Amino acid sequence: MTNLPTGIVGGDTERPASTMPQVARWPSARRIRKAEFVGDPHFPPVANGLDYLVSVVDLLERDSGGSTARELKYAVLHLAAGAEVLLKARLLIEHWSLVFTHPGQATREALEDGSLSSCSPDETRQRLKNIVGITFNGREEQALKDLARSRNALQHWGLTGEQARASVVASTTAQVLNFLVAFVEDHLLPWLQEPELSEAQEEMRHVRDGLAFIEEYVRERMKDLAPRLGPVRRTTVQCPLCRQWALVAHGYETAQDIDDLDIDDMFNVECLFCTERLTPREAAHEYAGVVLGHFGNEEAFDLPAEVHLCPQCQNDVLVRGAATAAAPERPVDFCFACATAPVAPRS
């Protein structure tokens, strides 16, 4: 996929995607998931909701071209089901009776055998706001409503007219995906215990691996990240993992940190898009090897050709020929440890 709309907004200018250099991309490595083995279809609420998200990503993830009409149809159905289940899973954590239409008439037996009459999507969001204290902004609320409306149309009759346009469906799907990924990270994973936590984290890794290959999601996510990426565009480079211009070197909190901290213990390089956190050394080697294509001799544990000693912080994590989001067409010397203002490389 080329020319993804991954512009960085900052100051008075916005750099369009077509001017942001791109490196070759490839689909994420295919992991065999637990749910794909032969066995009983045991899906507790969180696992059930995440399985729907995995299905959505698998349907929409592609290296080039748009999604087919059939892929969009089932992405809508599965995403709506996943959203409903995951939001209700948070209600369940708060108190199991809250997932019933009438909590005062809730019984454990109905919950466990699945015969309950559960609350509607609108009621679910209202209870999350009023009882749990989770807020939804206007765009999230509208996207969830639009998705539910499209799901109902597809499930009970058919989807026609304006709402059947691929661009409309893809945009709504991307907005809900963007919301749900954050919702799972912020409001579900912190409450899970082992082994459910590890299984959920593995499913989320599968989801995140595919998100960078869904064009509409990339647009939506980068739009949300623009206020955070704009101020740090001078210390932002292309992430070697997801290929988005969102890998930020945060540098040191204080000058004393340079002497007190081992950079191999610092995970202060972070991709705001795929949420990967790296040490400065990991980031320098990954960037030089994957983005610039300078691989060292792995058997001899050599540094990649373009990784050097930084004259500012004296760490061997400076990459020559790097490009920042502030000026991607101008190569610079970039230190992933101290994140000092990059300087033009020597000729």
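From a predicted model like this one, the values you see are computed outputs, not experimental measurements.
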Quick check: closest heavy atoms across D333 and G321, and the distance to 0.1 Å?
OD1-N, 4.3 Å
Please list all pairs meeting salt bridge (Lys or Arg N to Asp or Glu O under 4.0 Å) that have one or both residues in residues 169-180, counting only residues at least two apart or in different chains.
none
Are L98 and W191 grouped together when hydrophobic residues (ILVMFWY) are joined by side-chain heavy atoms under 4.5 angstrom apart?
yes
Checking K223 now: which residues fulfil salt bridge (charged side-chain N to carboxylate O under 4.0 Å, His left out) with it, not counting sequence neighbours?
E220
For R221, give me all partners under salt bridge (charged side-chain N to carboxylate O under 4.0 Å, His left out), at least two apart in sequence or on another chain.
none
Excluding sequence neighbours, so at least two apart, what forms side chain to side chain contact (heavy atoms under 4.5 Å, CB included) with H78?
Y52, S55, V56, L59, Y74
Please tell me if the side chains of V184 and M204 come closer than 4.5 Å, counting only heavy atoms from C-beta onward.
yes
Got V317 and R281 here, is their nearest side-chain heavy-atom distance under 4.5 Å?
yes
Let me have the donor-acceptor pairs involving side chains of residues 169-179, under 3.5 Å, with sequence neighbours excluded, atom names and distances please.
{"from": "S171", "atom 1": "OG", "to": "Q175", "atom 2": "NE2", "distance (Å)": "3.3"}
{"from": "T172", "atom 1": "OG1", "to": "V168", "atom 2": "O", "distance (Å)": "3.1"}
{"from": "T173", "atom 1": "OG1", "to": "V169", "atom 2": "O", "distance (Å)": "2.8"}
{"from": "N178", "atom 1": "ND2", "to": "D224", "atom 2": "OD2", "distance (Å)": "2.4"}

In short, E123 meets S120 closest at the heavy-atom pair OE1-N, 2.8 Å
What is the distance from atom CD of E202 to atom CZ of R205, rounded to the nearest 0.5 Å?
4.5 Å
Is it the case that the side chain of E282 and the backbone of T279 share a donor-acceptor pair, with hydrogens and angles ignored and the cut-off at 3.5 Å?
yes
Please examine the side chains of L318 and L309, heavy atoms only from C-beta on, and report whether any two atoms are closer than 4.5 Å.
no
Test item: I134 and F183 side chains (from C-beta on) under 4.5 Å apart, heavy atoms:
yes
Rounding to 0.5 Å, atoms NE2 (H187) and CG (L180) come to a distance of 11.0 Å
Less than 4.5 Å apart, side chain to side chain, heavy atoms only: is that true for F273 and V218?
yes
Ion pair present between K88 and E94, side-chain N to carboxylate O less than 4.0 angstrom?
no
Can you find a pair of side-chain heavy atoms, one from V54 and one from H206, that are under 4.5 Å apart?
yes
Determine, step by step, whether Q244 and Q238 satisfy the side-chain contact (heavy atoms from CB on, under 4.5 Å) criterion, reporting the C-alpha distance in whole Å, the side-chain angles of both residues, the deciding distance to 0.1 Å, and the verdict.
CA-CA 5 Å; Q244 303 307 316; Q238 195 169 29; over 6 Å; no
Under 6.0 Å from the CZ atom of R277, do we count more than 12 heavy atoms belonging to anything else shown?
yes
Any side-chain heavy atom of E71 sitting closer than 4.5 Å to one from E61?
no
Using the side-chain contact (heavy atoms from CB on, under 4.5 Å) rule, take W245 and T324 through it: C-alpha gap first, then chi angles, then the decisive distance, then the call.
CA-CA 8 Å; W245 290 80; T324 68; 5.8 Å; no
Specify the closest pair of heavy atoms between V57 and G210, including all atoms of both residues, with the distance to one decimal.
CG1-CA, 3.5 Å
Closest contact, heavy atoms only, N268 versus G251
ND2-O, 2.9 Å
Here the pair of heavy atoms bringing L72 nearest to S67 is CG-CB, 4.1 Å
Taking T235 for the side chain and V232 for the main chain, is one N or O donor matched with an acceptor at less than 3.5 Å?
yes
Name all pairs fulfilling the salt bridge (Lys or Arg N to Asp or Glu O under 4.0 Å) condition that reach into residues 103-122, sequence neighbours left out, sorted by first residue then second.
D122-R125
From D146 CG over to R139 CZ, what is the distance, rounded to the nearest 0.5 angstrom?
11.5 Å
Nearest 0.5 angstrom please: N315 CG to C338 SG, how far?
8.0 Å
Answer with yes or no whether the hydrophobic clustering places L87 together with L116; edges join I, L, V, M, F, W, Y residues whose side-chain heavy atoms lie under 4.5 Å apart.
yes
Testing the basics here: between A323 and P328, what is the closest heavy-atom pair and its distance to 0.1 Å?
CB-O, 3.4 Å
Shared hydrophobic cluster for L91 and V85 (ILVMFWY, side-chain gaps under 4.5 Å)
no
Kindly determine whether Q105 and F100 satisfy side-chain contact (heavy atoms from CB on, under 4.5 Å), including the steps that lead there.
CA-CA 8 Å; Q105 300 173 15; F100 284 73; over 6 Å; no
Derivation and outcome, side-chain contact (heavy atoms from CB on, under 4.5 Å), residues T275 and R208:
CA-CA 9 Å; T275 72; R208 282 193 296 267; 3.7 Å; yes
Are F43 and L188 connected in a single hydrophobic cluster, I mean Ile/Leu/Val/Met/Phe/Trp/Tyr linked by side-chain heavy atoms less than 4.5 Å apart?
no
Can you tell me how far apart CZ (R320) and SG (C335) are? Round to the nearest 0.5 Å.
12.0 Å
Distance from R127 atom CZ to C119 atom SG, nearest 0.5 Å?
4.5 Å
Single-linkage hydrophobic cluster, 4.5 Å side-chain cutoff, V181 and I214 together:
yes
Please check if the side chain of H102 supplies one atom and the backbone of G104 the other of a donor-acceptor pair under 3.5 Å.
no
I93 vs R90 side-chain heavy atoms within contact, under 4.5 Å:
yes
